[in-house]
Amino acid sequence: MEVKWPASAWLGASDRVNLARLHRIRLFASSTYITPSDAQRYAMALPLPPGLTPSEVGFLCEMEQVTIIPRQRLDGLELLGGPTETLRPPFPVPLPLWLALLLKKQKRADISPPPWLSVEALTQILDFEMDERTAELFSPSQDLPAPTTTAPLDGDPYLAHDALELSPPFLKDAATSRAQKDALPYHWNELGHLLLTHAADNFVEPDMVRKLLRDLREVRMSKLRKGFKVLDAGAGTQMNNVGGMEIAEVRGFVVGVVDGLRKLNRSREESRKERDDEERENGIGSSSYRDDEDEDML
């Protein structure tokens, strides 16, 4: 039987990012048809905020590799990111999340949840997040693969300008059945939401997993908000081990607060300069005047 794949099967990561941005320019009702050329013109005309929005982060999460258990034999696909393996039941195969969700919807395959998306693993991670000894830390992210290059100095090879080391969100097995069990990947929040929404029957305890994910998100967002209380115009906050969706959700708030603080500091600086200039013109702010005033007081 011939299997027809969707047109998005041949899209690469950059193309899917562009499609995600085009979704943000829906100016007409759903019944109105917009040609690709029209959509491209609207995208170029409308200013886009810096960084990725939560919807775009969730869209990119669909490029993560997950493990599926095929129910029928299907030939592989030639994708821009590389060819996929031939599906032979019941052997597990890694596929991009968007393709795995499509096969799941067509009842052609089941999705195997990653090890960190279990009740035992999430409970352990949540205990770490709520422990008083680690109250200011986020649970460690997944281990990085061994570097293949060396730094010019005795530094971190991942920080070298010419380094080609893999790091989140580009780790190979962040969401497959071989993923690290005691650590969250970069797209943990949105990946868990998508799997529980479209493949809840592949979980042993989906309701408990959903509850633990919700509790974990609330605890980590509370830590982020506490870190923002000390924000200043020229200061920053440490965001090690923070996920992609968490960064996207707080980016707008943080940027707005920092910009507001910069405007306040700028207005204060301008007022101070105006006051100093006025005092200097009146002879009040000169050093000789202040020295004479100090001597009179003595």
Side-chain angles (χ1 to χ4, degrees), residues 13 17 51-54 56-67 81 94 96-97 111-149 151 155-160 163-196 209-228 236-251 253-254:
V17 173
L52 296 175
T53 64
E56 291 173 343
V57 174
F59 196 78
L60 289 177
C61 171
E62 297 182 10
M63 299 301 293
E64 287 279 0
Q65 295 280 323
V66 296
T67 301
L97 177 59
I111 301 177
S112 178
W116 56 265
L117 204 53
S118 63
V119 174
E120 179 184 358
L122 291 176
T123 301
Q124 180 181 355
I125 296 174
L126 183 60
D127 291 340
F128 178 92
E129 297 279 359
M130 300 181 64
D131 195 325
E132 295 181 357
R133 296 169 295 180
T134 57
E136 299 181 356
L137 302 176
F138 291 94
S139 57
S141 59
Q142 295 180 337
D143 296 335
L144 297 176
T148 58
T149 59
D156 192 341
Y158 288 92
L159 302 180
L164 297 176
E165 307 296 341
L166 293 179
S167 61
F170 306 107
L171 297 182
K172 183 179 180 181
D173 293 320
T176 64
S177 58
R178 295 182 294 179
Q180 189 174 341
K181 183 178 181 179
D182 57 348
L184 296 175
Y186 185 73
H187 289 297
W188 69 271
N189 192 358
E190 53 273 33
L191 196 144
H193 172 75
L194 288 172
L195 290 182
L196 286 170
V209 172
R210 188 178 289 107
K211 178 181 180 299
L212 289 171
L213 283 177
R214 183 172 60 251
D215 294 342
L216 193 58
R217 180 180 181 275
E218 292 177 355
V219 171
R220 291 169 64 91
M221 291 301 292
S222 176
K223 290 185 178 182
L224 279 176
R225 287 191 293 268
K226 289 180 180 179
F228 298 151
T237 180
Q238 187 175 3
M239 301 184 69
N240 292 358
N241 304 325
V242 179
M245 183 62 70
E246 295 167 318
I247 295 176
E249 289 178 344
V250 302
R251 177 183 284 112
F253 169 76
V254 174

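Since the structure is predicted, the reported quantities are computational estimates derived from the model, not experimental observations.
When the shell of 6.0 Å around CD of E136 is examined, it contains 12 or fewer heavy atoms from other residues, nucleotides or ligands. More than 12 heavy atoms of other residues, nucleotides or ligands shown are found within 6.0 angstrom of CZ on R210.
Residues F138 and R220 approach most closely at CE2-O, 3.5 Å, considering heavy atoms. What you find for A248 and T53 is that their closest heavy atoms are CB-C, 4.1 Å. In terms of heavy-atom proximity, A179 sits nearest to P114 at CB-CB, 4.4 Å. Heavy-atom minimum distance, G243 versus W188: CA-NE1, 4.2 Å. Heavy atoms only, all atoms of each residue included: T176 and P115 are closest at O-CD, 3.4 Å. Considering all non-hydrogen atoms of both residues, E64 and A174 come closest at OE1-CB, 4.0 Å.
Remark: D143 CG to Q180 CD distance equals 4.0 Å, nearest 0.5 Å. Separation of atoms CD1 (I125) and CG (L184) is listed at 4.0 Å; rounding is to 0.5 Å. Between atom NZ of residue K211 and atom OG1 of residue T123 there is a gap of 9.0 Å, rounded to the nearest 0.5 Å. Taken from CG in N241 to NZ in K223, the straight-line distance is 10.0 Å, to the nearest 0.5 Å. The line from SG of C61 to NE2 of H193 is 10.0 Å long, rounded to the nearest 0.5 Å. Taking CE from M245 and CG from L191, the interatomic distance works out to 10.5 Å, rounded to the nearest 0.5 Å.
Residues V250 and R225 have side chains not in contact (no heavy-atom distance under 4.5 Å, counting atoms from C-beta outward). Taking 4.5 Å as the limit, every side-chain heavy atom of L213 sits out of range of all side-chain heavy atoms of N189. Side-chain contact between Y186 and L60 is absent, with no heavy atoms from C-beta onward closer than 4.5 Å.
Residue pairs satisfying the salt bridge (charged side-chain N to carboxylate O under 4.0 Å, His left out) criterion with at least one member in residues 181-194, sequence neighbours excluded, are listed as follows: E120-K181.
Looking only at distances, no side-chain donor or acceptor of E246 sits under 3.5 Å from a matching main-chain atom of M221. A donor-acceptor pair is defined here as one N or O able to donate and one able to accept, closer than 3.5 Å; no such pair exists between the side chain of T67 and the backbone of S112.
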